[in-house]
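Residue numbers begin at 1 in each chain, while the letters A, B, ... track the order of the sequences.
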Amino acid sequence: MALSEQELIRRENLQKIIDLGINPYPSSEYSITHSSAEILDNYTEEKKDQFAEISIAGRLMMKRIMGKASFAELQDSAGRMQIYVNRDEICSGEDKALYNTVFKKLLDIGDFIGVKGHTFTTQTGHTTLHVTELTVLSKSLKPLPIVKTDADGKVHDAVTDPEFRYRQRYADLVVNPGVKETFVKRSKMYTSMRSFLNEKGYIEVETPILQPIYGGAAARPFKTHHNTHDRDLYLRIANELYLKRLVVGGFDGVYEFSKDFRNEGMSRFHNPEFTQIELYVAYKDYEWMMNLVEEMIEKVAVDVTGSTVVKVGDNDINFKRPWKRYTMYGAIEEFTGVDISEMDEAQMRDAAKEMKVSLDPTMARGKIIDEIFGEKCEPHLIQPTFITDYPIEMSPLAKKHRTKEGLVERFEAICNGKEISNAFSELNDPIDQRERFQAQLELGKRGDDEAMVLDEDFLRALEYGMPPTAGVGIGMDRLAMIMTNSNSIQDVLFFPQMKPEGHTEEKLEA
RNA sequence: GACCGGUUAGCUCAGUUGUUAGAGCAACGCCCUUUUAAGGCGUGGGUCCUGGGUUCGAGCCCCAGACCGGUCACCA
């Protein structure tokens with residue numbers, strides 16, 4: 001790629017810095033006493049002494065040069081603050097090159113510098129670092145987009161092109177205010193859940209991502225090959241079956257933040273790799289798990305946003321316990337006025353037709369129920385809501401309902417019209433489990449490429465005996481979308497999957 | 001996968017009825033010692049996504065393709 005005019009000038013500036021005997025990429029530690037935020041939040045005229053000899057480091061993001069003195073803005077990981085650079089103070093001797101040449105001409109927006117000095121308040125009332133010593137820490141060769149924020153806080157020329165933002169997240173993070181905050185919140189979600197679960201004594205574990213048999217969900221996998229054993233392996237679509245093996249082994253509470261991979265379509269709710277937390281607790285059931293999920297996510301909301309009420313688009317979503325609960329049939333009756341619980345497949349088809357829900361002729365009873373629910377109920381469930389008691393056909397890993405024929409002990413948590421969580425009383429009857437797998441195999445033979453595969457080793461584990469267990473999976477990306485008011489999964493993933501850029505492809509082939 | 005929209009300077013965007021490509025910021029030069037979307041004067045910078053076509057002439061019209069987004073379909 002040909003370099004732009006500005007890139008050429010930056011390379012020339014780099015060489016000129018070297019020619020002046022300054023290392024543009026020094027290796028020694030630069031000692032920082034404060035972050036920009038620590039200064040801005042704590043400085044007052046009375047505490048001047050505490051801020052008399054301090055240092056900060058970061059990117060130069062703006063220069064306002066006024067002859068022999070200048071203002072500039074330095075951005076560090078905590079924010080941005082103004083610095084004041086005076087020629088005769090950073091160049092106390094005769095040689096004024098550091099100011100006249102290096103600072104004024106050779107330093108560009110995006111360069112990392114470190115500055116030492118004292119804090120003061122300008123005539124216009126802005127806390128500013130008065131620089132007495134300036135060190136070049138790293139030269140930037142590529143111009144960053146310029147985004148400005150005015151006195152009213154209005155952002156001008158924000159980089160909005162999603163392609164730029166997702167492909168060059170590093171630049172998006174530097175220039176767009178608020179992007180970093182999204183990811184800090186995402187991180188806090190993890191911290192919040194970890195502390196919640198650790199306090200209860202559950203153990204965080206790691207299980208294989210490369211699996212000989214993919215299981216625990218219905219999805220198409222990514223396939224890869226292990227040369228040493230000369231066999232195909234799959235990237236996990238879920239870690240459910242491995243965590244249950246650990247429950248068999250005697251861990252009564254295990255969880256894992258699991259990066260899972262599904263070789264399927266992409267949308268603003270789907271990325272080929274995504275993250276779930278899965279948790280399994282022995283001697284519990286799905287009723288117990290509902291209470292735990294409520295409690296945990298309410299805490300997450302408070303830890304991440306400071307409130308149980310989270311603004312998402314036009315909605316205020318309230319995670320305060322208790323959440324609304326419907327059975328699946330109950331939800332359908334609530335939103336359509338039709339009780340389908342006693343209907344056979346043919347009656348259900350008619351009912352669906354009446355509701356203008358379009359069905360595939362191959363759909364069986366369970367699938368029809370799911371279709372009606374997905375069409376008529378799910379989009380209306382904005383506030384966090386539990387839906388319980390799913391048809392058995394769609395839940396091959398869940399225990400049969402203790403009283404209701406044809407259903408399983410399963411719940412999903414729905415929020416903002418989307419599933420965020422899925423849980424069961426886990427099926428621990430090895431004979432029933434084998435039959436369910438076999439039913440899935442039949443589906444597979446009929447061409448369902450998402451049907452589950454029979455996992456003999458998992459069945460062997462179940463045959464040793466697994467205690468009654470409640471299990472849950474929570475979609476971390478979708479929860480992050482809600483907690484950060486993001487409209488797309490790409491906004492809560494640092495590096496969402498993208499098709500390759502044309503010119504980088506050529507380089508790979510060369 | 002289908003439909004719709006987008007792609008012009010480093011960034012944000014104009015570009016009329018087809019005839020020499022525009023602005024702001026950024027960059028470069030000069031001035032300026034408390035400015036803050038700093039300011040003043042001046043200058044340079046373009047594969048108009050790619051490839052074909054129509055035309056005397058295409059950023060603009062036509063065809064094909066690439067990438068991005070949205071909606072739908074698919075999808076636990």
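Among the heavy atoms of the strands lying under 4.0 Å from A:Met394 is at least one base atom, whether or not backbone atoms are also near. If you check every strand for non-hydrogen atoms under 4.0 Å, A:Gln276 touches nothing. Among the atoms of the strands shown, only primed sugar atoms or phosphate atoms (P, OP1, OP2) are found under 4.0 Å from some heavy atom of A:Arg268. As judged by a 4.0 angstrom heavy-atom cut-off over every strand, A:Ala219 is placed among residues making no nucleic acid contact. Counting any heavy atom pair closer than 4.0 Å across all strands shown, A:Ser70 reaches no nucleic acid atom. Within 4.0 Å of A:Pro396, counting heavy atoms only, lies at least one base atom of the nucleic acid. No contact: A:Phe269 has no heavy atom under 4.0 Å from any strand. A:Ala217 comes within 4.0 angstrom of nothing in the nucleic acid, heavy atoms only. Residue-level contact check: A:Asp161 touches the backbone only, with heavy atoms under 4.0 Å from sugar-phosphate atoms and none from bases. Backbone-only contact: A:Thr149 has heavy atoms under 4.0 Å from sugar-phosphate atoms and none from a base. Residue A:Lys68 is in base contact, counting any heavy-atom pair closer than 4.0 Å across all strands shown.
Less than 6.0 angstrom separates the ring centroid of A:His34 from the ring centroid of A:Phe51.
Sequence order on RNA chain B of the closest nucleotides to A:His270 and A:Gly125 puts A:Gly125 first from the 5' end. The residue among A:Ser4 and A:Glu371 whose nearest nucleotide of RNA chain B is located toward the 5' end is A:Ser4.
Between A:Phe386 and A:Trp323, the ring planes are parallel. Angles under 30° get that label, and only those over 60° would be called perpendicular. Note: A:Phe103 and A:Tyr99 have parallel aromatic rings, judged against thresholds of 30 and 60 degrees for the angle between ring planes.
Applying the 3.5 Å distance criterion, the base of B:rU35 shares a donor-acceptor pair with the side chain of A:Gln82. Remark: the A:Thr124 side chain and the B:rU34 base include no donor-acceptor N/O pair separated by less than 3.5 Å. Within 3.5 Å, no donor on the side chain of A:Glu419 pairs with an acceptor on the base of B:rA76, nor the reverse.
Of the candidates B:rU34, B:rG70, B:rC13, B:rC13 carries the atom nearest the A:Thr160 side chain, counting heavy atoms from C-beta on. Closest to the side chain of A:Ala151, from the set B:rA76, B:rA37, B:rC32, is B:rA37.
In this structure, the side chain of A:Asn485 engages the main chain of A:Gly313 through a donor-acceptor pair within 3.5 Å.
Because its NZ or CZ atom is both nearer than 6.0 Å to the ring centre of A:Tyr390 and within 45° of the ring axis, A:Arg410 counts as a cation-pi partner of that residue.
For the OP1/OP2 pair of B:rA76 and a distance below 4.0 Å, the side-chain nitrogens and oxygens of A:Arg262 include no atom meeting the criterion.
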